[in-house]
Amino acid sequence: MRQKRENIRNVAIIAHVDHGKTTLVDELLKQSGVFRAGQEVAERVMDSNDIERERGITILSKNTAVMYKDTKINIIDTPGHADFGGEVERVLKMVNGVILVVDAFEGAMPQTKFVLRKALELKLPVIVCINKIDRPEARPNEVIDEVLELFLELDADDAQLDCPFIFASAKAGIASLDAEEPGTSMIPLFETILEYIPAPEGDPELGTQVLISTIDYNEYVGRIGVGKVDNGTISVNQEVIIVNHHEPDKQTKVKVSKLYEFDGLNKVEVKSAEIGSIVAISGIQDIHIGDTLCALENVEPIPFQKISEPTIAMHFCVNDSPLAGTEGKYVTSRHIRDRLFRELNTDVSLRVEETETTESFKVSGRGELHLSVLIENMRREGFEFAVSKAEVLYKNDENGKLLEPMELAYIDVPTEFSGSVIEKLSQRKGELRGMSTLGGSDNTRLEFSIPSRGLIGYRGEFMTDTKGNGVINTVFDGYGPYKGDISYRKQGSLIAFEAGEAITYGLFNAQERGTLFIGPGEKVYAGMVVGQNGRGEDIELNVCKKKQLTNTRSSSADEALRLTPPKILSLEQAMDFIETDELLEVTPKSLRIRKKILDPTLRKRAAFKNK
């Protein structure tokens, strides 16, 4: 017989990037007494990963738990970027309701729509939290209308449309039920969670069923499966069967060696857990996302939605440049292969495929940011490798017509820059769908439908065109008919044709041709890209050229040579810049762009053949 477990609530916080999910979790933790008095607490305490803290984004969904009035509230903080949508999709199976956080100024954004659609499909109740109401330009009443329109557009049922609205400032730690009346604490939000989010229910008499929604990894204990107990109880030393909804015939018998529940930011070891509890299970080596742990007498897998497919791919290759192996710790194809396949343990949206050669692997993900975070993590761990330009993954429909991934791009820019943005995106096969002025400000919101490949390499150009004032947000919008060829880069590369060390004299002569990426004293090799040409073709230069000494003096001979500071590319900028015949060499210390074929004669032959 099914029962409700009233002393537990399971809730996920979902929102568009930068709308304040992680800050809201911080305040819920503080005000529930998780931290002792006087304890020093970092901002965005849930963003525990180095890259998350540096970039101010959430990449991995994380679990925490707080106590409020004898009720344990399990909270899952999720990422806001579309590239990490796979994280959001799967954790929604663990919860009984969601808190949708929406910025009081920006309103409903593309990722808000994506995560809300997933929650409504699973028939989860939604609490809408209008955050940042203390912003000077906040427009909470208009945002409420936008959110309700979004509910109607996504076919929400009557119960979901009748959702409560909370007005909060996560930074100030206050929430209220009325936009005009600022609150004094987060109590209204806690009360709404208890009242509106249903308690988990299941049958305690049935055999164990635990659906694994997240995988954690720890070097000491290996894989840790995190999931919710749907039926029965689970105990330490219990023997269970692992079975997957998509492969019901494949069954493995395993033993639960350790069991944890969440308490604040910690995992606490427990002997057993009942229905509704979110648990972490360690000691099972072959456990995957979507697996169900079942009792021996009740082998019944729980359905688990298929994670959205990747849309973009890159080749990760062994670095074979003349400087290979000088800066990295792990350089061989075996190291790179093991590391990429290890990433599949925790990242469900990633695909890794072997290619014809053992030196290269095809890695597919949900977007450039998704893959750049993997590259950044690998280089920090001491890996050295090369990556190719990102390319989109095409499909064919039943009539054999070529389809390509499409994106919806929402762009907020000062009105004066909107013309150049529309012009650039139209060249990249974008179609303008809508244009509106953002309430009371001098900003225009543009809505484009554009092929994913049209956005590759555009962000850097966009920041230049809008003088850093533009905001671009994109979300995957399914597959559409192929839109035709796009020319990515108007400028060519400046290529070194001699190995050695860059000299001021050589760089001084080279800088007249375009923008340099290197300064004096840096090691270069033949075929390495040292800058960007102002024109469309590639030029080979000698940046190692020394000034010839003579025994005559002239009045201008000894004047100091002035170099323009080089443009140092970040990882994303370098990934955007490279062309299809180039590779990005990634090491723990350096990022170098190079031609795939280093020898100039062979390169020209290959270019001639391809014409």
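This one's a predicted model, so the numbers in the text were calculated from it and none came from an experiment.
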Main chain of Val279, side chain of Ser277: is a donor-acceptor contact present, judged purely on distance under 3.5 Å? no

Provide the closest heavy-atom pair for Cys163 versus Val126 in the form atom of the first, atom of the second, distance. CB-O, 3.0 Å

On a heavy-atom basis, the closest approach of Pro451 and Lys429 is CD-O, 3.4 Å

About how many Å separate CG of Leu374 and CD of Glu343, when rounded to the nearest 0.5 Å? 5.0 Å

Leu455 vs Phe462, side-chain contact (heavy atoms from CB on, under 4.5 Å): CA-CA, chis, key distance, verdict: CA-CA 10 Å; Leu455 290 165; Phe462 172 74; over 6 Å; no

What salt bridge (charged side-chain N to carboxylate O under 4.0 Å, His left out) pairs are there with at least one residue in residues 153-168, not counting sequence neighbours? Lys113-Glu153

Run the side-chain contact (heavy atoms from CB on, under 4.5 Å) check on Thr444 and Phe417 step by step: do they pass? CA-CA 9 Å; Thr444 300; Phe417 302 123; over 6 Å; no

For Phe151, check ring pair (Phe, Tyr, Trp, His ring centres under 6.0 Å) against everything at least two apart and list the hits. none

Within a strict 4.5 Å, meaning less than it, do heavy atoms of the Ile76 and Ile13 side chains meet? no

Hey, is the main chain of Glu300 close enough, under 3.5 Å, to the side chain of Gln209 for a donor-acceptor pair? yes

Closest non-hydrogen atom pair, Arg9 against Ile193: NE-O, 3.9 Å

Ile234 side chain reached by Ile281 side chain, heavy atoms, under 4.5 Å: yes

Distance (rounded to the nearest 0.5 Å) between Asn96 CG and Leu122 CG: 11.0 Å

What I'd like to find out is whether the side chain of Met575 reaches to under 4.5 Å of the side chain of Ile375, using heavy atoms alone. yes

Glu274 side chain near Val229 side chain, heavy-atom distance below 4.5 Å: no

What residue among Lys228, Lys72, Lys271 forms salt bridge (charged side-chain N to carboxylate O under 4.0 Å, His left out) with Glu261? Lys72

Side chains of Phe448 and Ile422 in contact at under 4.5 Å (non-hydrogen atoms): yes

Measuring from atom OG of Ser176 to atom CG of Leu189, what distance do you get when rounded to the nearest 0.5 angstrom? 11.0 Å

So, do Phe190 and Ile73 sit near enough that their side-chain heavy atoms are less than 4.5 Å apart? yes

Suppose we screen for salt bridge (Lys or Arg N to Asp or Glu O under 4.0 Å). Which residues come up paired with Glu146, at least two apart in sequence or across chains? Arg139

To the nearest 0.5 Å, tell me how far Asp230 CG sits from Ile302 CD1. 3.5 Å

By the definition side chain to side chain contact (heavy atoms under 4.5 Å, CB included), identify the one residue from Ile174, Ile144, Asp178 that meets it with Phe167. Ile144

If I compare all heavy atoms of Gly365 with all of Leu350, which pair ends up nearest, and what's the gap? CA-CD1, 4.4 Å

Going by salt bridge (Lys or Arg N to Asp or Glu O under 4.0 Å), name the residues that satisfy it together with Glu416, two or more places apart in sequence or in a different chain. none

Where do Asn7 and Asp70 land on the side-chain contact (heavy atoms from CB on, under 4.5 Å) test, with the steps shown first? CA-CA 7 Å; Asn7 62 348; Asp70 303 330; over 6 Å; no

Within a strict 4.5 Å, meaning less than it, do heavy atoms of the Leu408 and Arg433 side chains meet? yes

For the pair Thr208 (side chain) and Thr233 (backbone), establish whether a donor and an acceptor sit closer than 3.5 Å, ignoring hydrogens and angles. yes

Working to the nearest 0.5 Å, report the span between SG of Cys129 and CG of Asp103. 10.5 Å

Smallest heavy-atom separation, Gly227 atom then Met94 atom, equals CA-SD, 3.8 Å

Donor + acceptor pair across side chains of Ser449, Glu431 (<3.5 Å): no

Answer whether the closest heavy-atom distance between the side chains of Pro405 and Leu393 falls below 4.5 Å. no

Going by the rule side chain to side chain contact (heavy atoms under 4.5 Å, CB included), which residues pair with Pro164 if we only count those two or more places apart in sequence or in a different chain? Ile127, Thr192, Tyr196

Write out all pairs satisfying salt bridge (charged side-chain N to carboxylate O under 4.0 Å, His left out) with one or both partners inside residues 463-476, taking only residues at least two apart or from two chains. Lys424-Asp465

At what distance, to the nearest 0.5 angstrom, does CG of Leu211 lie from OG1 of Thr292? 5.0 Å

Indicate the atoms forming the closest heavy-atom contact of Met435 with Ser418, along with that distance. CE-OG, 4.3 Å

